[in-house]
Colleague: 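Pasting a structure here, questions to come.
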Amino acid sequence: MNLNVQMMQDPEMDMVLWSSFVEGDRNAFEQLYRSHVRRLANYGMRFTGDKEEIMGFIHDLFLSLYINRQRLIGVRNVAAYLTIRMRNIIIDKYRKESRMMHTDNMTPFEKMYDAWDNTSIPGNDDDDDEADVNEQLSLLTSNQQKVIYYRFVENMSVSDIATLLDIKPQSVSNIIQRALTKMRKTL
């Protein structure tokens, strides 16, 4: 499996693929997997650094989806739905094993770059930009970092973030505004 292949995520295309998948189209199922596997793997890295375990979680997620596909008709945002399901699988697994390393109150999302791409080019301007962004993010609270990550890296809507974090959409908007204000003050 090549994790470097990632399709551009298009919510409308996701919904077309999702509908086809629910109706039993295996090609649509495969395309959904390929377009979301890397994003889900990066999300899983926030909980554990074990890539094999993360891929196991992703495979469990997609196996569950395939088995229960007839019950998945009401999904409105595929990316958010997959992220929430992935989070629940990870948390359930760690709870069962009584070895939960991190929860939603985990340490801040320290780096926003692609955790699966360990290649960094020294002297690249992107390295300086990444350092600046990470310095700015370190000034934020854990909650602010998570919300900024979901909103601007995962491109999740405010309502999807609210569902994921089990808070009100207005709270998500407030957290984003406070975080951006705090970051602007230090620029």
Side-chain angles (χ1 to χ4, degrees), residues 9-12 14-15 18 21-22 32-33 35-50 53-115 133-134 136-183:
Q9 291 188 357
D10 176 6
E12 291 174 17
D14 274 352
M15 289 309 300
W18 190 264
F21 155 62
V22 169
L32 281 169
Y33 175 85
S35 67
H36 290 277
V37 66
R38 188 171 187 162
R39 184 184 58 76
L40 291 170
N42 284 321
Y43 179 73
M45 291 294 288
R46 309 292 179 217
F47 293 88
T48 176
D50 186 342
E53 186 173 42
I54 292 166
M55 291 310 297
F57 293 146
I58 293 170
H59 292 152
D60 289 348
L61 167 62
F62 278 89
L63 178 62
S64 171
L65 292 175
Y66 191 78
I67 291 169
N68 299 303
R69 69 183 172 277
Q70 282 93 16
R71 293 188 233 155
L72 302 174
I73 296 171
V75 173
R76 291 177 293 185
N77 183 320
V78 175
Y81 179 78
L82 293 175
T83 302
I84 291 167
R85 288 284 305 267
M86 177 76 169
R87 173 183 164 264
N88 291 340
I89 287 171
I90 293 169
I91 289 172
D92 289 347
K93 173 79 171 170
Y94 282 122
R95 280 188 185 144
K96 285 179 185 172
E97 294 181 9
S98 298
R99 63 178 182 101
M100 184 66 165
M101 292 170 43
H102 304 288
T103 65
D104 275 336
N105 299 322
M106 61 191 229
T107 57
F109 289 174
E110 293 161 357
K111 295 192 177 195
M112 299 297 170
Y113 64 87
D114 186 343
V133 169
N134 286 328
Q136 291 293 314
L137 290 170
S138 70
L139 302 173
L140 303 179
T141 66
S142 176
N143 254 359
Q144 289 173 332
Q145 288 181 11
K146 284 187 278 189
V147 169
I148 293 295
Y149 173 81
Y150 292 134
R151 183 71 181 113
F152 297 107
V153 176
E154 293 291 332
N155 293 321
M156 293 175 74
S157 70
V158 169
S159 62
D160 290 335
I161 296 168
T163 301
L164 181 64
L165 298 178
D166 195 27
I167 59 177
K168 294 180 181 179
Q170 184 60 49
S171 298
V172 172
S173 295
N174 292 345
I175 291 169
I176 290 170
Q177 290 307 313
R178 283 189 212 114
L180 294 176
T181 299
K182 187 184 281 188
M183 291 173 75

Colleague: Looking at residues at least two apart in the chain, or sitting in another chain, which of them share a side-chain hydrogen bond (donor to acceptor under 3.5 Å, both in side chains) with R85?
Modeller: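 Partners of R85 under the side-chain hydrogen bond (donor to acceptor under 3.5 Å, both in side chains) test: S64, Y81.
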
Colleague: Distance check, rounded to the nearest 0.5 Å: D60 atom CG versus L65 atom CG?
Modeller: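 Reported value, rounded in 0.5 Å steps: 11.0 Å.
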
Colleague: Does any non-hydrogen side-chain atom of L40 lie less than 4.5 Å from one of F57?
Modeller: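 No, side chains not in contact.
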
Colleague: Are the side chains of T141 and R178 in touch, meaning some heavy atoms are under 4.5 Å apart?
Modeller: no

Colleague: Apply the test side chain to side chain contact (heavy atoms under 4.5 Å, CB included) to residues Y150 and V172: give CA-CA distance (whole Å), side-chain angles for both, the deciding distance (0.1 Å), then the verdict.
Modeller: CA-CA 10 Å; Y150 292 134; V172 172; over 6 Å; no

Colleague: Please assess N77 against M156 for the test side chain to side chain contact (heavy atoms under 4.5 Å, CB included), listing each intermediate value before the final yes or no.
Modeller: CA-CA 9 Å; N77 183 320; M156 293 175 74; over 6 Å; no

Colleague: Using the side chain to side chain contact (heavy atoms under 4.5 Å, CB included) rule, take M86 and I58 through it: C-alpha gap first, then chi angles, then the decisive distance, then the call.
Modeller: CA-CA 7 Å; M86 177 76 169; I58 293 170; 3.5 Å; yes

Colleague: Are the side chains of I167 and I175 in touch, meaning some heavy atoms are under 4.5 Å apart?
Modeller: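 The answer is yes; the side chains approach within 4.5 Å.
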
Colleague: Listed by chain and number, what are the side chain to side chain contact (heavy atoms under 4.5 Å, CB included) partners of I84, not counting sequence neighbours?
Modeller: N88, T163, L164

Colleague: Between CZ of R46 and CD of Q145, what distance do you get to the nearest 0.5 Å?
Modeller: 10.5 Å

Colleague: side-chain hydrogen bond (donor to acceptor under 3.5 Å, both in side chains) with S157: which residues, sequence neighbours excluded?
Modeller: S159, D160

Colleague: Rounded to the nearest 0.5 Å, what separation is found between the CD1 atom of I90 and the OG1 atom of T48?
Modeller: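 So the CD1 of I90 and the OG1 of T48 are separated by 8.5 Å.
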
Colleague: Among pairs that include at least one residue of residues 60-79, which meet ring pair (Phe, Tyr, Trp, His ring centres under 6.0 Å), considering only residues two or more places apart or in two chains?
Modeller: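 Residue pairs passing ring pair (Phe, Tyr, Trp, His ring centres under 6.0 Å), neighbours aside: F29-F62, F29-Y66, Y33-F62.
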
Colleague: Nearest 0.5 Å, please: how far is CE in M45 from CD1 in I54?
Modeller: 5.0 Å

Colleague: Take atom CG in D166; do more than 12 heavy atoms of anything else shown fall under 6.0 Å from it?
Modeller: no

Colleague: For side chain to side chain contact (heavy atoms under 4.5 Å, CB included), just list the numbers for M55 and V37, CA-CA rounded to whole Å, side-chain angles, deciding distance to a tenth of an Å, and then say yes or no.
Modeller: CA-CA 9 Å; M55 291 310 297; V37 66; 3.7 Å; yes

Colleague: For a quick test of reading the model, state the closest non-hydrogen atom pair linking L72 to W18 and the distance between them.
Modeller: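 Between these two residues, the closest heavy atoms are O-NE1, 2.9 Å.
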
Colleague: Quick one: side chain to side chain contact (heavy atoms under 4.5 Å, CB included) partners of Q170, sequence neighbours excluded?
Modeller: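 S173, N174.
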
Colleague: Is the shortest side-chain heavy-atom distance between F152 and I148 below 4.5 Å?
Modeller: yes

